[in-house]
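Please read the structure below before turning to the comments.
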Amino acid sequence: MNPVKTRTHQLFAKAKQYIPCGVNSNFRYWGDENTPILTRGAGAYVWDADDNRYIDYRLGFGPIILGHAYPEVTRRVAEAIQNGVLFAATTPIEIELAERFTRMTGMDKVRLSNTGTEANMHALRIARAYTGREKFIKFEGNYHGNFDYVMFSGPTAKAELLGPRNHPHRLRATEGMPVAIRNYMISLPYNDIELLERAMVEHSDELAAVILEPIMGNVACILPDPAWLRRVRELCDEFDIVLIFDEVKTGFRLAPGGAQQYFGVKADLAAYAKAMGNGFPVSAVAGRAEIMAVVEPGRVAHGGTYCGNVVAAAAAAATLEIIETQPVIETIFANGRRLMDGIHTILRQVGAPHVISGVPSMFSVLLGKDEPPTDYRSYAEFDSELFGLFGAELIRRGVLIDDDPREPWFLSFSHDPAVIDESLNLIEDAAKAVFRTAARTRRLAA
Ligand code: PMP
């Protein structure tokens, strides 16, 4: 059952010679033994360097909404790049994309970039320029990308160091950034109306924005309390503060209009990336016309050599057309619901306390408790070590999830009922292996 990893280990040893930790993004390092090296993907599957096949529930941290190497997207990109990939000038394809994008999201205006980080960075700058204020509220465990202003108390923070709930510390996520910029940010627990109201009143005339992930896509898909989300919107209106939804994971995945459509709460600005391009690097900041109007030469800088390049624009144009014209999200939700229900039944049968949080297109399996988490602090009460054992059994059997329980399981349009059935059989085997053994060990110890 243990897959052969000879070539993977050889390649990884070489990778480490030239690339720090052998990976091009820290999150991809799973230790010297277990860091995967993948060579290809098709539909719901990926293959590693030893040609072991996995059902992929990582989907590149979420972007692959249609499936790997989705033929129609590949064809449209290949066709477009025959005529060049970059002009640093507006192309017709960007205009077609912007028209569809604004129709689907309900946003008035949109600017393209390449990564979620860039889109959020621009959103924050636009909000600051529009309001003439500098501070912002961010929530514990929310991740908005790899730029300094937002890298405090994110999904890698140690929960026990977060400090008092009513006056949280702002924990730096990385060395190498100026400590003083934490003073621009107010950190709050997610889903807490009372603390939010207090902070808004106290800081209202300094606040440019509230930025949030409308599902905690980097901490176990913790859902927003609908009353809290509505209150965030009301308070932003009351104090003229820009509400930014980070829809990098939720955009075009929860609904064609993202989390805003799904939860029925509208943001002033939103950042999109991931599912927008089915894996091609493309992102966007979008929002109300009045706010986006600050983006102009001599006023608010927005730009980049590769913003709106042909590869990105063609990929997004094709992906969004498919999402808009085919039952992509409904199908993913139906299959995802079956998978969630199936996992729930399996875990109940083996007697494992658990919670499955999130929505069918992105969810998380949490072990050790059966009460849903509401914020980053309550997530920390789950048993991530036990999840690690379960995850290792799944991966060994060919179900590729992230080794970190905070990272969601993602589904694509290519995860059809046959893939779900295959997954559930493997998940049942893995659960029996882990939890029957755990129960036996407990009985022996008792
Ligand atoms: N926001 C959210 C909610 C994300 O999940 C991520 C990436 N996981 C980002 C922003 C940053 O996106 P990127 O990695 O494309 O810069």
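One-based numbering, in listed order, for ligands and for the atoms of each.
Salt-bridge check for K249 with E213: failed, with every basic side-chain N at 4.0 Å or more from each acidic carboxylate O. A salt bridge does not link E247 to R253: none of the charged side-chain nitrogens sits closer than 4.0 Å to a carboxylate oxygen. With respect to R28 and D403, no salt bridge is recorded, no charged nitrogen being found less than 4.0 Å from a carboxylate O.
Distances between N or O atoms of G116 and those of ligand 1 include at least one value under 3.5 Å. Ligand 1 has no nitrogen or oxygen under 3.5 angstrom from a nitrogen or oxygen of E213. Considering both main-chain and side-chain atoms, H144 never comes within under 3.5 Å of ligand 1 through any nitrogen or oxygen pair.
Note: Y190 and Y376 fail the aromatic proximity criterion, with ring centroids not under 6.0 Å apart. Two rings, from W30 and F12, have their centers 6.0 Å or more apart.
When non-hydrogen atoms are compared, ligand 1 lies under 4.0 Å from the backbone of T115 as well as from its side chain. Neither the backbone nor the side chain of F61 has a heavy atom within less than 4.0 Å of ligand 1. Contact annotation for E118 and ligand 1: no heavy atom of the residue comes within less than 4.0 Å of the ligand.
Remark: distances from the non-hydrogen atoms of N146 to ligand 1 are all 4.0 Å or more. Heavy-atom distances between E247 and ligand 1 stay at or above 4.0 Å for every pair.
Residue T117 approaches ligand 1 through these ligand atoms, each under 4.0 Å from one of its heavy atoms: 11 (C), 12 (O), 13 (P), 16 (O). Every atom of ligand 1 is numbered from 1 in the order shown, and the set under 4.0 Å from a heavy atom of N120 is 1 (N), 10 (C). Below 4.0 Å from some heavy atom of D246 lie the following atoms of ligand 1, by number and element: 1 (N), 2 (C), 3 (C), 10 (C). Residue contact check: N218 has heavy atoms under 4.0 Å from atoms 2 (C), 3 (C), 4 (C), 5 (O), 8 (N) of ligand 1.
Atom CG of residue L366 and atom OG of residue S357 lie 4.5 Å apart, to the nearest 0.5 angstrom. Residue I93 holds its CD1 atom at 6.5 Å from CZ of R76, rounded to the nearest 0.5 Å.
Between Y149 and F136, the two ring planes are perpendicular [angle over 60°; tilted spans 30° to 60°]. F61 and F27 have perpendicular rings, their planes meeting at more than 60° on a 0 to 90° scale where under 30° would count as parallel.
In terms of protein heavy atoms, atom 8 (N) of ligand 1 is closest to K274 NZ, 2.9 Å.
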